[in-house]
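What follows is a short report on a single structure.
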Amino acid sequence: MPSLTWNDDLVLEQPEMDRTHVEFVELLAAAEDALAGPRDALMARFDALHAHTVEHFDQEDRWMAANGFAAENCHASQHAQVLALMREVDRHARELDDLEPMRVLLPELAKWFVQHAQMMDAALAWTMKERGYDPARGGFADPATAAALA
């Protein structure tokens, strides 16, 4: 059974971000479900989760950059740390044939995500809304805002 399912506590009322988060939660649940099955199925689901997470975090990092967040902010640093951990877990599985780190990571990633979404992502969503930034369009409602942040 997955450690996390999509629920109202995760909704940030930012459609682009919420869609990405729903997909993340579903891919994480699928990977957790695969822990009990064949290795190949688990690796395929972990690969899908990892690929999604790279794009998910890149997307949020682009939004932060557009909104004037410092390049080395805490939110982006958490993204980098999680991706580094996912790469290391993948390496253990492939090179060392050791799935134990993946068995530990997946439920811990679910716990981390709830806190990250409710704090870091909520702050990003609020900032985008306050500044009139449309992530679907990739721009500000008022061009003066973009100029002020440049």
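Keep in mind that the numbers below use all heavy atoms, side chains included, and drop hydrogens, waters and symmetry copies. Position 1 is the first residue of the sequence; numbering continues from there.
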In Å and rounded to the nearest 0.5 Å, what is the [atom1] to [atom2] distance from [X] to [Y]?
| X | Y | atom1 | atom2 | result |
| --- | --- | --- | --- | --- |
| Leu99 | Phe46 | CG | CZ | 10.5 Å |
| Leu27 | Thr53 | CG | OG1 | 7.5 Å |
| Gln115 | Gln78 | CD | CD | 9.0 Å |

Group every Ile, Leu, Val, Met, Phe, Trp and Tyr by side-chain heavy-atom contacts under 4.5 Å, then state whether [X] and [Y] land in the same group.
| X | Y | value |
| --- | --- | --- |
| Met17 | Val11 | no |
| Leu4 | Met102 | yes |
| Trp112 | Met120 | no |
| Leu12 | Trp63 | yes |
| Met86 | Val25 | yes |

No-hydrogen, no-angle side-chain donor-acceptor test under 3.5 Å, His116 and His79: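 Yes.
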Side chains of Asp121 and His75, donor plus acceptor under 3.5 Å: yes
Carboxylate-amine/guanidinium contact Arg137 Glu16, below 4.0 Å: no
Salt-bridge contact Asp97-Arg39 (side-chain N to carboxylate O under 4.0 Å): yes
Looking at side-chain heavy atoms only, is the closest gap between [X] and [Y] below 4.5 Å?
| X | Y | value |
| --- | --- | --- |
| Pro101 | Glu88 | no |
| Pro2 | Leu28 | no |
| Leu96 | Arg91 | yes |
| Val114 | Asp9 | no |
| Arg87 | His50 | yes |
| Leu149 | Arg131 | yes |

Steps toward side chain to side chain contact (heavy atoms under 4.5 Å, CB included) verdict (Leu49, Leu106): CA-CA 10 Å; Leu49 173 64; Leu106 293 173; 3.8 Å; yes
Candidate pair Met43 and Arg94, rule side chain to side chain contact (heavy atoms under 4.5 Å, CB included), full reasoning: CA-CA 9 Å; Met43 293 307 298; Arg94 293 181 196 286; 3.5 Å; yes
Phe113 and His21 aromatic ring geometry - parallel, tilted or perpendicular at 30°/60° bounds: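 Taking Phe113 first and then His21, their aromatic rings stand perpendicular (interplane angle over 60°).
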Aromatic plane relationship, His56 with His52 - under 30° parallel, 30 to 60° tilted, over 60° perpendicular: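 Rings of His52 and His56: perpendicular, as their planes differ by over 60°.
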Glu130 atom CD: more than 12 heavy-atom contacts under 6.0 Å: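 For Glu130, atom CD is crowded (more than 12 foreign heavy atoms under 6.0 Å).
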Phe24/Leu10 under side chain to side chain contact (heavy atoms under 4.5 Å, CB included): CA gap, chis, key distance, verdict: CA-CA 12 Å; Phe24 177 85; Leu10 297 172; over 6 Å; no
State whether the side chain of [X] and the backbone N or O of [Y] hold a donor-acceptor pair below 3.5 Å, judged by distance alone.
| X | Y | answer |
| --- | --- | --- |
| Asn7 | Thr5 | yes |
| Arg103 | Leu35 | yes |
| Asn67 | Phe69 | no |

For a quick test of reading the model, state the closest non-hydrogen atom pair linking [X] to [Y] and the distance between them.
| X | Y | result |
| --- | --- | --- |
| Ala76 | Ala71 | CB-O, 4.1 Å |
| Gly138 | Tyr133 | CA-OH, 3.5 Å |
| Arg45 | Ala31 | CB-CA, 3.9 Å |

Pair Lys129-Glu13, side chain to side chain contact (heavy atoms under 4.5 Å, CB included): steps then yes or no: CA-CA 10 Å; Lys129 182 178 179 180; Glu13 296 182 16; 5.6 Å; no
